[in-house]
Amino acid sequence: MKIRAFHTYHVAPRWLFLKIETDEGIAGWGEPVVEGRARTVETAVHELCATLVGQDPRRINDHWQAMLRTHFYRGGPVLMSAIAGIDQALWDILGKSLGAPVHQLLGGRVRDRIKVYSWVGGDRPAQVVEQIHRLREGGFDTFKLNGCEALRMLDSVRAIDRAVAVPAQVRDAFGTDVDFGLDFHGRVALPMARPLLQALAPLRPLFVEEPVLPEQAEHYPALAAATAIPLAAGERMYSRFEFKQVLQRGGIAILQPDLSHAGGITECHRIAAMAEAHDVALAPHCPLGPIALAACLQIDFVAWNAVLQEQSMGIHYNQGAELLDYVVNKQDFAIRDGHIAAWDRPGLGVEIDEERVLHASRHPPDWHNPQWRHADGSVAEW
């Protein structure tokens, strides 16, 4: 079997799909994208895929190492996301060629279903209680919301009170019948992280995500020592070498690699094992499309330490398309009692509606994240 061709499709709301074709008629799909930088990653995908044409797609480990190590400058969000999507597509081809799901090729599943959670509240959390009421009717009992709006490096006690007020409403409305994580989203600098974590502790959130930016990862151990709230991070780390340093330092209780950013299935399988060796839970990051989610689920079904899966159905970023709009086998992604069940479809297990993708790619969006500023005019972290 040889790789014959590849195609990329930029589609709403902010996704990039990759299709790799073989000379035996088997095609694999991947989702290589950096949110807001889809065209940049698309260029990297074309550069890397050009080196694979004519080669056997089933030599995934060799292709992965070649895409990383034969280029002097490596790593980072763009190159690792390009590798990630290509890697997903190659695993999809391998599974289809053998008639087996990827999780079976990785040694077989350790669970029959994985708990998923839903986003609520948007970038500036609002109407959270109403949204949770609606989602609970669909069986959800676990949620995530942004932990605050824009926060200055040193902000007032009023800003802390505003940040605490939203999750406090959730606890007042639902008690302990629901769990929720809080995403600081890189908006909180070190001077505010400790007092905000202290103020939030009585509300017992399931976790706090990115308590400070990953560039400040050396502070994770001290922050963890100062709070009982489990700390989570990983969506802006791109290889096992970055995760290695965080795991060695300690402080993170839940690792959140992104299967479309951190080198795909091949790399995230390694990262999951590293996390397990450090007694750290796994909760893959995935506010993306159906191919990325399918890839995440393959890891969830084989990683013993996987505890939660993010998914983007109904997320506030989904303008112009929803998660399942491009999927034929929608029933396999059904959420029952807050879980997605394992399936035995070959490859990634997602059947893409190519006609819908082709139509959507004719008028692709150009999504970029908002640019925020503080009241004094300085740039704020979004």
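Since we're looking at a predicted model, the values are computed, not measured. Heavy atoms only: backbone and side chains are in, while hydrogens, waters and symmetry mates are out. Residue indices begin at 1 and follow the sequence shown.
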Is Arg14 positioned over the aromatic face of Tyr317, cation under 6.0 angstrom from the ring centre and no more than 45 degrees off axis?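 The answer is yes; both the distance and angle limits are met.
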
For the residue pair Trp15 and Phe17, does the interplanar ring angle fall in the parallel (under 30°), tilted (30 to 60°) or perpendicular (over 60°) class? parallel

Got a sec, which hydrophobics cluster with Ile254, joining ILVMFWY side chains under 4.5 Å apart, including via others? Tyr117, Leu206, Phe207, Val307, Leu308

Which atoms form the tightest heavy-atom contact between [X] and [Y], and what is the distance?
| X | Y | value |
| --- | --- | --- |
| Ala226 | Arg194 | CB-NH1, 3.1 Å |
| Val128 | Gly121 | CG2-CA, 3.9 Å |
| His63 | Leu52 | ND1-CD2, 3.7 Å |
| Arg111 | Trp304 | NH2-O, 2.9 Å |
| Pro214 | Met237 | CB-CE, 4.4 Å |

Kindly indicate, with the supporting measurements, whether the criterion salt bridge (Lys or Arg N to Asp or Glu O under 4.0 Å) is fulfilled by Glu210 and Arg236. CA-CA 9 Å; Glu210 281 196 341; Arg236 288 189 269 191; 2.6 Å; yes

Checking [X] now: which residues fulfil side-chain hydrogen bond (donor to acceptor under 3.5 Å, both in side chains) with it, not counting sequence neighbours?
| X | result |
| --- | --- |
| Trp64 | none |
| Glu242 | none |
| Asp56 | Arg58 |

Euclidean distance, [Y] [atom2] relative to [X] [atom1], rounded to 0.5 Å:
| X | Y | atom1 | atom2 | answer |
| --- | --- | --- | --- | --- |
| Leu213 | His185 | CG | NE2 | 10.5 Å |
| Leu18 | Asp92 | CG | CG | 10.5 Å |
| Leu98 | Ile93 | CG | CD1 | 12.0 Å |

Got a sec, which residues hit ring-ring contact (aromatic ring centres under 6.0 Å, His included) with His339, two or more places apart in sequence or on another chain?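 His339 satisfies ring-ring contact (aromatic ring centres under 6.0 Å, His included) with no residue once adjacent residues are dropped.
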
Once ring-ring contact (aromatic ring centres under 6.0 Å, His included) is applied, do any residues pair with His7, and if so which ones, sequence neighbours excluded?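 Per chain and number, His7 pairs via ring-ring contact (aromatic ring centres under 6.0 Å, His included) with no residue.
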
Would you please indicate yes or no on a ring centroid separation below 6.0 angstrom for Trp343 and Phe333? yes

Using the benzene-type ring in the case of Trp, are the ring centres of Phe6 and His46 under 6.0 Å apart? yes

Show every salt bridge (Lys or Arg N to Asp or Glu O under 4.0 Å) that has at least one partner inside [range], sequence neighbours left out.
| range | answer |
| --- | --- |
| residues 364-382 | Arg39-Asp366 |
| residues 134-155 | Lys115-Asp141, Arg124-Glu149, Lys144-Glu209, Lys144-Glu310, Arg152-Asp155 |
| residues 342-359 | Lys19-Glu354, Arg109-Asp344, Asp325-Arg356, Asp332-Arg345, Arg345-Glu351 |

Could you name each residue pair satisfying ring pair (Phe, Tyr, Trp, His ring centres under 6.0 Å) that touches residues 257-294, not counting sequence neighbours? none

Donor on one side chain, acceptor on other, Asp87 and Thr266, under 3.5 Å: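 Judged by distance alone, the side chains do pair up.
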
Taking side chain as C-beta onward, heavy atoms only, is Ile132 less than 4.5 Å from Phe180?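 Contact flag for Ile132/Phe180 side chains = no.
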
Run the numbers on Ser260 and Glu31 for side-chain hydrogen bond (donor to acceptor under 3.5 Å, both in side chains), then give the verdict. CA-CA 6 Å; Ser260 282; Glu31 194 169 331; 5.2 Å; no

Less than 3.5 Å apart, which donor and acceptor atoms pair up between the side chains of residues 292-303 and the rest of the protein, not counting sequence neighbours?
residue : atom : partner : partner atom : Å
Gln298  : OE1  : His103  : N            : 2.9
Gln298  : NE2  : Leu348  : O            : 2.9

Show which side-chain atoms of residues 159-169 pair as donor or acceptor with protein atoms under 3.5 Å away, not counting sequence neighbours.
none

Around atom CD of Gln371, are there more than 12 heavy atoms of other residues, nucleotides or ligands at under 6.0 Å?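 Not more than 12 within 6.0 Å, no.
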
